[in-house]
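Throughout, numbering of the chain's residues begins at 1 and tracks the sequence.
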Amino acid sequence: MRYDLIIFDNDGVLVDSEPISNTILSGYLTELGHPTSYEESLRDYMGAAVHRVHDVIQERTGQVLPADFDETLHARIFAAFERELQPVAGVTDVLGKLVADGVAYCVASSGTHERIRVGHRRTGLDEWFEDEWVFSSEDVGRGKPAPDLFLHAAERMGVAPERCVVVEDSRLGVQAARAAGMDVYGFTAMTPAERLEGANGYFDDMGQLLGLLG
């Protein structure tokens, strides 16, 4: 394999959480008087840290979201995760092959550490990720599309950026990877390839990923 470190996004790449979280986010924003469709939530917020929701709403409306917005949103999402979250199909096969081949990997997510861990426990992916292989936008000053998170993950894992590859399913994530000087492959199971412009390649099934990385 031509890379020394595989950096996975979490939501939509490791866990099939985007339909759940964006359904809840769009519904909650609409409930608060900011009508938002599921498709608009995917377009505007997929791959971003929650502070982007605050920024976009304030920029568009001049209004500030409630002080307990994050707490309420996360509580609703976590409850739904416990009921229905599943791993992305085929991802454990990919992780198993990386382990067998001795290739280092980690996760770098816009979500909080709590969100990552809740999702991994629910899906059994916690068995595949040591604590020191889990990185969140909480760890850096700026989330995606800034390169900070990916550069932080590479530094902590002891790998030069040019030896890393990122697996992403969001426009913001692709932009962040490119800004970090890393190759990136776009997962198009939910996001059309044209929205992941700048990726080195695209795939819509996890069974195709190892062939791209080899």
Side-chain angles (χ1 to χ4, degrees), residues 5-25 27-28 41-42 45-54 68-99 103-144 146-159 164-170 172-173 176-177 180 187 189-190 206 209:
L5 177 65
I6 317 302
I7 303 177
F8 291 96
D9 176 43
N10 188 57
D11 293 291
V13 171
L14 295 176
V15 295
D16 193 15
S17 55
E18 294 292 7
I20 298 171
S21 57
N22 282 282
T23 296
I24 291 170
L25 174 58
Y28 187 27
S41 182
L42 289 175
Y45 307 120
M46 184 173 169
V50 71
H51 67 75
R52 178 176 170 84
V53 182
H54 292 264
D68 64 349
F69 177 84
D70 293 11
E71 180 181 356
T72 301
L73 176 66
H74 287 140
R76 294 182 182 187
I77 289 174
F78 294 167
F81 280 3
E82 292 295 343
R83 293 192 302 269
E84 54 191 293
L85 186 63
Q86 298 294 323
V88 168
V91 76
T92 55
D93 293 334
V94 172
L95 296 174
K97 185 69 166 81
L98 294 178
V99 170
V103 179
Y105 63 86
C106 66
V107 57
S109 172
S110 293
T112 64
H113 278 285
E114 183 182 14
R115 176 179 174 133
I116 298 167
R117 284 308 186 191
V118 167
H120 285 196
R121 284 196 301 269
R122 173 63 180 84
T123 59
L125 291 179
D126 55 337
E127 299 180 7
W128 295 93
F129 288 89
E130 303 291 342
D131 287 344
E132 58 266 30
W133 302 348
V134 177
F135 305 100
S136 161
S137 61
E138 291 181 305
D139 302 332
V140 295
R142 299 180 300 166
K144 306 170 189 178
D148 303 37
L149 176 57
F150 290 140
L151 292 173
H152 171 71
E155 180 181 14
R156 291 291 299 274
M157 296 293 290
V159 179
C164 300
V165 63
V166 176
V167 183
E168 265 288 355
D169 71 333
S170 75
L172 297 176
F187 185 40
M190 277 192 59
M206 274 295 160
L209 178 58

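- Not a single side chain to side chain donor-acceptor pair (under 3.5 Å) links D68 to another residue, sequence neighbours left out.
- Pairs engaging residues 132-143 under the salt bridge (Lys or Arg N to Asp or Glu O under 4.0 Å) rule: R142-D148 [sequence neighbours left out].
- Summarising the geometry, atom CH2 belonging to W128 is positioned 9.0 Å from atom CG belonging to L98; distances are rounded to the nearest 0.5 Å.
- The two residues P87 and V91 have their closest heavy-atom pair at CB-CG1, 4.3 Å.
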query: side-chain contact (heavy atoms from CB on, under 4.5 Å) between V94 and I6: does it pass, once the steps are laid out?
result: CA-CA 11 Å; V94 172; I6 317 302; over 6 Å; no

task: Walk me through it: do L209 and F187 pass the test side-chain contact (heavy atoms from CB on, under 4.5 Å)?
output: CA-CA 9 Å; L209 178 58; F187 185 40; over 6 Å; no

Show the atom names and distances, to 0.1 Å, of all donor-acceptor pairs under 3.5 Å that link a side chain in residues 11-19 to residues at least two apart or in another chain.
unit_1	atom_1	unit_2	atom_2	d
D11	OD1	S17	OG	2.4
D11	OD1	R115	NE	3.4
D11	OD1	R115	NH2	3.3
D11	OD2	R115	NE	3.3
E18	OE1	N22	ND2	2.9

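- In this structure, R121 has no salt bridge (Lys or Arg N to Asp or Glu O under 4.0 Å) partners at least two apart in sequence or on a different chain.
- Residues A153 and C106 share a closest heavy-atom pair of CB-SG, 4.2 Å.
- Rounded to the nearest 0.5 Å, atoms CE (M157) and SG (C164) are 9.0 Å apart.
- Considering only residues two or more places apart in sequence or on other chains, H120 meets the side chain to side chain donor-acceptor pair (under 3.5 Å) condition with N10.
- Applying the salt bridge (Lys or Arg N to Asp or Glu O under 4.0 Å) rule to D9 yields the partners K144; only residues at least two apart in sequence or on another chain are considered.
- Going from atom CG of D70 over to atom OG1 of T112 covers 9.5 Å, rounded to the nearest 0.5 Å.
- Taking the side chain to side chain donor-acceptor pair (under 3.5 Å) definition, one finds that S170 meets it with E168, sequence neighbours left out.
- Within the 3.5 Å criterion, the main-chain N or O of G111 finds a donor-acceptor partner in the side chain of S136.
- Taking the side chain as every heavy atom from C-beta outward, L73 and V53 never approach each other to under 4.5 Å.
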query: Could you walk me through whether L42 and M190 pass the side-chain contact (heavy atoms from CB on, under 4.5 Å) check?
result: CA-CA 10 Å; L42 289 175; M190 277 192 59; 3.8 Å; yes

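- L149 and S110 make their closest contact through CD2-N, 4.3 Å (heavy atoms, listed as atom of the first residue, atom of the second, distance).
- Residue pairs meeting the salt bridge (Lys or Arg N to Asp or Glu O under 4.0 Å) criterion with at least one partner in residues 82-98, sequence neighbours excluded, are K97-D101.
- Ring geometry for H74 against F78 counts as parallel: the plane angle stays under 30°, on a 0 to 90° scale with 60° as the upper cut.
- Between I20 and A80, the shortest heavy-atom contact is CG2-CB, 3.6 Å.
- Minimum heavy-atom separation, G119 to L85: CA-CD2, 3.5 Å.
- Checked against ring-ring contact (aromatic ring centres under 6.0 Å, His included), W133 has the following partners two or more places apart in sequence or in another chain: Y105.
- Heavy atoms only, all atoms of each residue included: L5 and A154 are closest at CD2-CA, 4.1 Å.
- For R156, the side-chain contact (heavy atoms from CB on, under 4.5 Å) test picks out F135, H152, with sequence neighbours left out.
- Put simply, CZ on F129 and CZ on F8 are 6.5 Å apart, with the number rounded to the nearest 0.5 Å.
- Judged as a ring-ring contact (aromatic ring centres under 6.0 Å, His included), and not counting sequence neighbours, the contacts of H54 are F69.
- With sequence neighbours excluded, the residues satisfying side chain to side chain donor-acceptor pair (under 3.5 Å) with R117 are D131.
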